[in-house]
A.B. asks: 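Here's a structure for you.
Below, read A as the first sequence line, B as the second, and so on, with proteins coming before strands; counting in each chain starts at 1.
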Amino acid sequence: MYRDILIQVFRFVFIMALQVFVVNQILQYNLVNPFIYPLFILILPVNTSFFWVLSLSFAIGVVADLFQMTAGIHAAATVFMGFLRIFFLNTALSKENFEKNISPNIQNKGLTWFTIYAMLLLAVHHFVLYLLEVLTFNEFFYTSLKAILSAAASLLIIILLEYLLTPTGKKK
Amino acid sequence: MPQFFYFFIRFKIFWVFVIFEAISLILVFNGNPYHRSVYINSANGLVGGIYSSSSNVKQYFHLKAINDSLVAENARLYTNIYSKDSSFHTKDTINFKDTTAKYVGRFVYIAADVVSNSTAYRNNYLMLNVGTADGVTRQCGVVCNDGVVGLIYDVSEHFCTVISLLNSNAKISAKLDSVNNAGTLLWNGLNPRLAQIDDINKHVKLETGQGISTSGLSYVFPRNIKIGEVDTFEVVGNNNHISVKLSTPFETLYKVYVVRNLDFEEETKLLNSIKGKQ
């Protein structure tokens, strides 16, 4: 139990540090500006209660806001993503998955499943994020383009990270 | 009534979601800058500390570029001092020298390091490692060797946040160097190297490469600080729409100066008293 919580805390800090000190330093163009911190919410164990999913979404969103010097946009986007995650997992996972309390990552669910899952949620996250940031529909096309390109970049980095950080030797 | 409670319990996921989303959206839409500044300032201590230790490391990778830009700036300043038309070395401008000394003396420059920066948003902010302890106030501007950077947004004891020029809230009074026509510089959010001036009259003659600098009309920046040059322009209605190629490299900012106008309060007080009488 405590071990699980510790692992999650470590993940939280590690993913946020990666976002702030690596991704934000290297990849910051006007059109492509990826965010990898939603990975933390994506790979939470499936039996995490909805309250914790939403609280943690809010928490990691607020931390992202503080580091990006924005007010509330990351929190709002991540909470929205966490909300959709609950529905997505309820429809896209079998009973067996819930009984084993797996983490919905590449190792457990395969590349195709994870790509669709991450793509949908990341697209929603980035879209909400950039719309709230601009706060106008005047530049709608440009904002959508920015959201789509950034989400694609985020997806690519997240999949690479998943492969890099999964221990290859043992299969659960 | 029981049905109402049943509804509430049945959709408790939804209500938790609504509460969290509401808190976030209040932060986003809050028109009151005070709440926002409390939120940002409480972060300044921790986030600023983390960022300044990371920027300490990062600056080592750019030492050569930083040194080169400082040497270039020194060269420019030496040229200014010893050039023919400088008021420092010519006797016939003694009276003039007195007033310029006063004029120049109104502005205090405070050196600062950029600890965090972004160019990717529609509204970009920077964080600097100077604060009220160094004499920064909310009415200061920020410049670098190559040009204007932005306006101070909020100050805590050891850090301050800056509204970058690349922000929809940044409006800076700019002028064309050769003809001194002033206009307002804005950024349309598309390219971090191009800003726009839309209110210069169409009779003004423009050419590509014409210099653009601060007008000194806003009491925040001194006159004649470089902003950039005319990139393209077209006449729309009665005005020229100018696209300005910015001279400040926003992607690679490390050393900047906070400019403080010592007479800011006196000047704005006078201006407000005129507005009050109208």
A.B. asks: Crowded around A:Lys109 NZ? As in, over 12 foreign heavy atoms under 6.0 Å?
C.D. replies: yes

A.B. asks: Quick one: pull up CZ in B:Phe14 and CZ in A:Phe50 and give me the separation to the nearest 0.5 Å.
C.D. replies: 12.5 Å

A.B. asks: Listed by residue number, which members of residues 183-191 of chain B have a heavy atom under 4.5 Å from any heavy atom of chain A?
C.D. replies: B:Trp187, B:Asn188, B:Gly189, B:Leu190, B:Asn191

A.B. asks: Report which part of B:Tyr51 has an atom under 4.5 Å of a heavy atom belonging to chain A: side chain, backbone, both, or neither.
C.D. replies: side chain

A.B. asks: Residue by residue, scan residues 116-133 of chain A and write down, ordered by number, those that have a heavy-atom distance under 4.5 Å to chain B; if none do, write 'none'.
C.D. replies: A:Leu132, A:Glu133

A.B. asks: Would you indicate whether the side-chain heavy atoms of A:Phe21 and B:Ile50 approach each other to under 4.5 Å?
C.D. replies: yes

A.B. asks: More than 12 heavy atoms of other residues, nucleotides or ligands under 6.0 Å from NZ of B:Lys58: yes or no?
C.D. replies: yes

A.B. asks: Would you mind checking which part of A:Thr143 comes under 4.5 Å of any heavy atom in chain B, side chain (CB onward), backbone (N, CA, C, O), both or neither?
C.D. replies: neither

A.B. asks: Any heavy-atom pair between the side chains of B:Tyr125 and A:Gln68 that's under 4.5 Å?
C.D. replies: no

A.B. asks: Would you say that A:Phe58 contacts B:Ser24 through its side chain, given a criterion of any heavy-atom pair below 4.5 Å between the two side chains?
C.D. replies: yes

A.B. asks: Please report the closest heavy-atom contact between A:His74 and B:Tyr121, naming both atoms and the distance.
C.D. replies: NE2-OH, 3.0 Å

A.B. asks: Compare all side-chain heavy atoms of A:Val53 with those of B:Phe17 and state whether any distance is below 4.5 angstrom.
C.D. replies: no

A.B. asks: Between B:Arg122 and A:Lys146, what is the shortest heavy-atom contact and its length?
C.D. replies: N-NZ, 4.0 Å

A.B. asks: Write out all pairs satisfying side-chain hydrogen bond (donor to acceptor under 3.5 Å, both in side chains) with one or both partners inside residues 41-53 of chain A, taking only residues at least two apart or from two chains.
C.D. replies: none

A.B. asks: For a 4.5 angstrom cut-off between non-hydrogen side-chain atoms, does A:Phe67 reach B:Ser116?
C.D. replies: no

A.B. asks: Name, in order of residue number, those residues of residues 80-93 of chain A that have a heavy atom at a distance of less than 4.5 Å from a heavy atom in chain B; otherwise write 'none'.
C.D. replies: A:Phe80, A:Phe83, A:Ile86

A.B. asks: Are more than 12 heavy atoms from other residues, nucleotides or ligands located less than 6.0 Å from atom CZ of A:Phe98?
C.D. replies: yes

